[in-house]
Amino acid sequence: MAFTNLDKVFFPELGLTKGDVIAYYRRIAPYLLPHLADRPLTLRRWPNGIVGEDFFQKDLDDPPAFVRTERIWSEEGRRDIRMAICNDEATLLWLAQLGCIEMHAWFSRVTPVARRRGARPGAFSGSEATIAKSALNLPDFVVFDIDPFLFPEGTGPTRRHGELDPDYTRKGFEAARQAALWLGEALEGLGLRAFLKTSGKTGLHAFIPIVRRYTFAQTHAFAKTMAAWLTGQHPDALTTAWSVRDRVGKVFLDYNQNLRGKTLASIYSLRPVPQATVSVPVTWDELRAGFDPLRWTIATVFDRLERVGDLWADILAGAQEIALRAER
DNA sequence: GTCTCAC
DNA sequence: GTGAGACAACGCCAC
DNA sequence: GTGGCG
Ligand SMILES: [Mn+2]
Ligand SMILES: [Mn+2]
């Protein structure tokens with residue numbers, strides 16, 4: 001496999017090239033690869049850099065031989081597609097070569113669930129019924145995508161990528177921070193430990209590691225209940241509204257990613273914003289103290305990693321049970 | 001970015 | 001050999 | 001079935 005166009009500018013403001021993106025993923029690989037392991041990938045590609053067009057890709061027609069793929073049923077396409085799984089550095093760099101700036105891994109894995117009877121390990125193809133019965137329907141996490149919908153005066157949802165507006169960044173993140181703190185308190189009340197990361201923009205991602213025993217329907221219901229309860233406690237600050245215009249001025253607690261095939265920009269993903277930020281794990285103590293979420297970028301993240309290591313290294317070891325009854 | 005097909 | 005053109009997701013929900 | 005949404 002050949003790398004091409006290494007000098008093509010991918011981040012004009014910083015002058016970062018495609019070669020810089022590939023170099024970033026080569027260096028981050030030891031931290032990132034464990035979090036991608038065994039998870040189907042939804043590719044999101046920017047072959048002409050962050051100011052160019054982007055597109056999603058799931059089906060890989062004829063990938064290099066070193067790329068692991070899995071045949072997975074696509075209900076809408078009524079056919080099997082071949083999805084990439086990134087378990088090694090070569091595959092990661094191939095993805096970067098394709099123009100993947102972010103990595104989007106599923107919340108479920110293809111590996112068999114231990115001690116599960118009646119399952120057909122490795123069968124994800126042929127029908128919706130097959131994949132619904134498979135390990136891919138049993139996520140490792142309940143996820144909360146915490147998205148501030150605060151905008152500078154005179155702008156609106158259509159211009160919500162206000163990453164260039166420091167005032168908006170600060171206000172939006174402060175709102176997301178408060179929302180995450182409320183979520184953290186509620187989860188603590190349930191005896192659940194969650195892992196936190198910046199999105200790389202102004203939001204936050206909270207992951208609750210769970211045993212692979214709950215279906216997406218169950219994790220979705222759990223997250224929806226939590227989000228609705230929190231929104232009821234803080235109706236002026238939080239929303240779960242489906243319509244963007246009904247979210248303006250609030251923090252959108254998005255529980256809807258808890259479905260098979262949905263993704264978020266992964267931990268240690270480079271984000272397609274001018275500052276070339278990175279999605280970085282943070283501690284709850286750091287959240288309480290506050291920070292600038294855009295401080296971690298392609299240029300600065302390794303300083304932090306060398307100091308604190310991978311704060312999510314043990315995330316799968318802490319798989320928890322979730323109560324399915326409506327809590328409180 | 002990759003691939004195929006026409007010239 | 002080279003350039004043009006096609007192509008690269010999808011599930012859920014409201015209406 | 002189409003459109004909004006992430
Ligand atoms: Mn979101
Ligand atoms: Mn988000």
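Keep in mind that the numbers below use all heavy atoms, side chains included, and drop hydrogens, waters and symmetry copies. Chain A is the first sequence line, chain B the second, and so forth, proteins listed ahead of strands; every chain is numbered from 1.
Ion pair A:R304/A:E286 flagged as a salt bridge, since at least one NZ, NE, NH1 or NH2 atom sits closer than 4.0 Å to an Asp/Glu carboxylate oxygen. Under a 4.0 Å N-O distance rule, the pair A:K171/A:E174 does not qualify as a salt bridge.
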Next item on the list: With side chain to side chain contact (heavy atoms under 4.5 Å, CB included) as the test, would you mind laying out the steps for A:R68 and A:D38 before giving the verdict?
Entry: CA-CA 9 Å; A:R68 174 166 174 196; A:D38 305 318; 3.7 Å; yes
Next item on the list: Please report the C-alpha distance between A:Y25 and A:E89 in whole Å, then the side-chain angles of each, then the deciding distance to 0.1 Å, and finally whether the side-chain hydrogen bond (donor to acceptor under 3.5 Å, both in side chains) criterion is met.
Entry: CA-CA 8 Å; A:Y25 278 108; A:E89 182 185 300; over 6 Å; no
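More than 12 heavy atoms of other residues, nucleotides or ligands sit less than 6.0 Å from atom CG of A:D167.
Comparing the P positions of B:dG1 and C:dC10 gives an interatomic distance of 23 Å, to the nearest angstrom. D:dG4 and C:dA9 are spaced 15 Å apart, taking the C1' atom of each and rounding to whole Å.
Between the CG atom of A:L93 and the P atom of B:dG1 there is a distance of 15 Å, given to the nearest Å. Atom pair A:L95:CG and B:dT2:P shows a separation of 12 Å (rounding to whole Å applied). The interatomic distance linking A:D62 (CG) with C:dC7 (C1') rounds to 15 Å, in whole Å. Whole-Å rounding puts the A:E102 CD to C:dA9 P distance at 17 Å. Per the geometry, CZ belonging to A:R45 stands 15 Å off P belonging to C:dC7, to the nearest Å. C:dA9 atom P lies 14 Å from atom CG of A:L41, rounded to whole Å. Rounded to whole Å, the distance from CG on A:D246 to P on D:dG4 is 15 Å. Spacing between atom CH2 of A:W46 and atom C1' of C:dA8 amounts to 14 Å, rounded to whole angstrom units.
Contact annotation for A:D254: backbone-only contact, meaning every heavy-atom pair under 4.0 Å involves sugar-phosphate atoms and none involves a base.
Counting only N and O atoms by type, the side chains of A:S266 and A:E102 include no donor and acceptor under 3.5 Å apart.
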Note to self: One character per nucleotide, please: for nucleotides 10-15 of chain C, 5' to 3', B when the base has a protein heavy atom closer than 4.0 Å, S when only the sugar-phosphate does, - otherwise.
What the structure shows: SBS---
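Of the residues listed (A:E70, A:R39, A:M83), the one engaging A:V110 in a side chain to side chain contact (heavy atoms under 4.5 Å, CB included) is A:E70, and it is the only one.
Ring pair A:F207/A:H205 is tilted by interplanar angle, where 30° to 60° counts as tilted.
Contacts of residues 134-146 of chain A with DNA chain B (heavy atom under 4.0 Å): none.
By the criterion of side-chain heavy atoms lying less than 4.5 angstrom apart, applied directly or through intervening Ile, Leu, Val, Met, Phe, Trp or Tyr residues, A:I131 is not grouped with A:V113; the two fall into different hydrophobic clusters.
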